[in-house]
Amino acid sequence: MTVVEIRNPGLGSARGRIWRSLLRSPLGLTGGVMLAIVMVLGLIAPLIAPYGPAEVHFDAPFQAPGTIGYILGTDDLGRDIFSRMLFGIQVSLQVGFLSVLLAVAVGTPLGLLAGYWRGLDGIISRLTDVTLAFPFLIIAVGLSAISGPSLTNAAIALGIAQIPTMIRVVRGETLRIRETDFVLGAKTMDASGVRIIFSHILPNAVSAIIVQATVIMPVAVIGEALLSFLGLGIQPPTPSLGIMLSDAQQYISRAPTAAIFPGLAIVLICLGFNLFGDALRDALDPTNASRK
Amino acid sequence: MSLPTADAPALLSVRGLEVTFGENPEPVLHSVSFDIRPGERVAIVGQSGSGKSTIIGSILRLLPGDGHITGGSILLDGEDLSRASEQRMRSIRGRRIALVPQDPASNLNPSMRVGAQIADALAASGSRSKAEIDRRVLELMTEAGIPEAERRAKQYPHEFSGGMRQRVLIAIALSREPELLIADEPTSALDVTVQRQILNHLQTLVDAHGTSLLFITHDLGVAADRTDRIIVMSEGRIVEVGTPAEILLSPQEEYTKRLVAAAPTAVAAVRVASASSAVKPGPILEVSHLVKEFKIRGQRGSILKAVDDVSFSVERGTTTAIVGESGSGKTTVARIILGLESATSGTALVDGEGITSSRGRQRRALRRRVQPVFQDPYGSLDPTYSIEKLIDEPLRIFKVGDRRSRQERVAELLDQVALPRTVAQRRPNELSGGQRQRVAIARALALHPELLICDEAVSALDVLVQEQILTLLADLQTELGLSYLFITHDLAVVRQIAHNVVVMKRGRVMEQGATNTVFESPSSDYTRELLSAIPGASLVG
């Protein structure tokens, strides 16, 4: 019997393919660069910010952008908009990551359970529907009423609001994967349900989870801005993009730049995640391998 | 109609056609040239990836993605289609060259009545009155062999069977009386008996209209039965051209010879393994009076008998095939034996023990002895696993040996299925269909099972690969004394590999016995019908 010859289709490792696919997509690359800039800015905010985020300069309110010492100008209390924006980005990303973490940590196991065991599906899916019926604002108001408004509570409220969609995505993937022949094959070897879930279903659902996380992230960032704007999220003097918007609205005609720059930062974060998430979805889709 | 003569001017003349995709310097088609004369039926035969579909795409100028014609010409009555404007092509597609696509399920609009879809094709061709179109729709449907055209024209595609849908697509293709009809694997999704009806009908229609036919297929038998000339393609090149008799009986090229030898239909090269003497006699699997009923959703109390009183047995070291068309219940039988489905009544005993009736340790022990090989090697291997992890998964589940000994076992199994040991670290998507199926077999063998349940294990593979896998299975049977239960719809495969055969239809066993007996003197009408529907039989006799 002759040994079968293996022709290398030149795909290389799956990881390499994903990177190449990401780098080839101009939009994904743009999104990635935007995210990289925002994240680096957020991380090194304390190092590059010329002033503290709550540092007040009563002698220099409403400075125009470009003023020496204040690149992006100052707000009504003479606080440096550039410094506040850097710290605001940091806070927004913190809230975003925390709520994504919550949604993934709770949504993934529940989605796997609901998708794999039909009996649990009814219960989990109904609970999901109930949660979906609550606007996340109500949850946020409730939480801040109980333990006071804070970054953590905002993140929790936003995370809870995203759990149902996460459950649905994971449940859908599980339903699809559990019908594949390789799961059937594992069953004929008497593999336990837990084993099938962890060694076959979860690894195959990971890409869907990652992509969903990139969808949740900008929603959480906008949600944080909204909560802080309403006074239910981050509390002054901690800077947050939402608070900056909220503060700026009173003086919008006099100093529009105080609202424009934090607004731009929000746009940058959300657009970055959306573009990058789109490209990531294409890159992670194995059926896309042959397409250019 | 008069037969096409050799000196008649060609209707379609393809010269030195070269097609490339994207920036890739290597063309997909290398200087392909052939002619189709008026009224002639030409088949292009090739395996997947041979470039058959690219030829269709070039002729219709509907190449997928960024494929483009980089050389040669396609002359339709002297006009070069490779340089024609898009506007010009639109007046040629459908009107002069029509296509019968492969998959009848996805080529009809599910939310549009069938009659309206045919009318749509007619209306696009020019000005006709509504009444005239309606009349013509019924005419076309009747012509395509759809009974009660008036009633059925008002139905939706889901109310049609696969065969009937394909007839609708044929009616649409013929609606504008094209000069050339391109049929792209028009029956590969259908059962053999349906396939025969459709192809007979298509042939009658094409002959009656004097239409030229370009028939794309992977099945040499079908091509031989239906066409005047066969073009054999491989890797984007034409390997050989000739009449069916020339190609089948005296192939000139090495590739064609291999293809003919592998074509299960044309020449039955019997590969049935002789039972190894090391095996103790007696049945490994006994199925008796097996019944499986399904409740039909939404209809209270009505049940579907998917399996109806099925009894057969598999002797140790031999192969028993269950053959039947879609809906015959053959897969349900396999699932019950594997313990994936429970029987309504009756038993399926492996060496005297039933998987569904056993529990705990006994059940685990039984599972080790029966392993499946599934149809689709793309779906049956977890894409996130390496080959090594895939093959030793059963060992890990059953906690056999330690890491080192498992590695050795994987290497040994790779040798057994003739894969190089170096594939161990690769992933399934880096392997071809045949190689994946070898991995699936290695995995099934990991626990030293006695019975393999092969559910259409070779039907997703190209003929040459199919032949290799069947040979591998036969070799393994001799070597390891394995028993196979081979589920298939392909009678030709049955003849090659099975000692015994069970013919099923609508959940019932129509006939069973030794393969030779059943094939040479079938006792049921259904078996006779199935046997006569095998394409390619006419030439080999």
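All of these numbers come straight from a predicted model, not from anything done at the bench.
- Neither the backbone nor the side chain of Y378(B) has a heavy atom closer than 4.5 Å to any heavy atom of chain A.
- The line from CZ of F182(A) to CG of D376(B) is 11.0 Å long, rounded to the nearest 0.5 Å.
- No part of R368(B) comes within reach of chain A, as not one of its non-hydrogen atoms sits under 4.5 angstrom from that chain.
- Of all heavy-atom pairs spanning R443(B) and G185(A), the tightest one is NH2-C, 4.3 Å.
- For the set V206(A), N204(A), I177(A), V183(A), the count of heavy-atom pairs under 4.5 angstrom toward chain B peaks at N204(A).
- Atom OG1 of T180(A) and atom CG of L381(B) lie 10.5 Å apart (nearest 0.5 Å).
- Residues M189(A) and P394(B) come closest through the heavy atom pair SD-CB, 3.1 Å.
- With a 4.5 angstrom heavy-atom cutoff, L184(A) touches chain B via backbone and side-chain atoms both.
- When heavy atoms are compared at a cutoff of 4.5 Å, Y385(B) approaches chain A solely by way of its side chain, counted from C-beta outward.
- Of the residues considered (I397(B), L338(B), V373(B)), I397(B) shows the highest number of contacts with chain A, using heavy-atom pairs under 4.5 Å.
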side-chain contact (heavy atoms from CB on, under 4.5 Å), that's the test. Do K187(A) and R367(B) meet it? Break it down for me.
CA-CA 9 Å; K187(A) 282 186 190 161; R367(B) 294 258 204 219; 5.8 Å; no

Set out, in order, the CA-CA distance, both residues' side-chain angles and the distance that settles side-chain contact (heavy atoms from CB on, under 4.5 Å) for T188(A) and V370(B), then state yes or no.
CA-CA 8 Å; T188(A) 65; V370(B) 186; over 6 Å; no

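- For S192(A), no part lies under 4.5 angstrom from a heavy atom of chain B.
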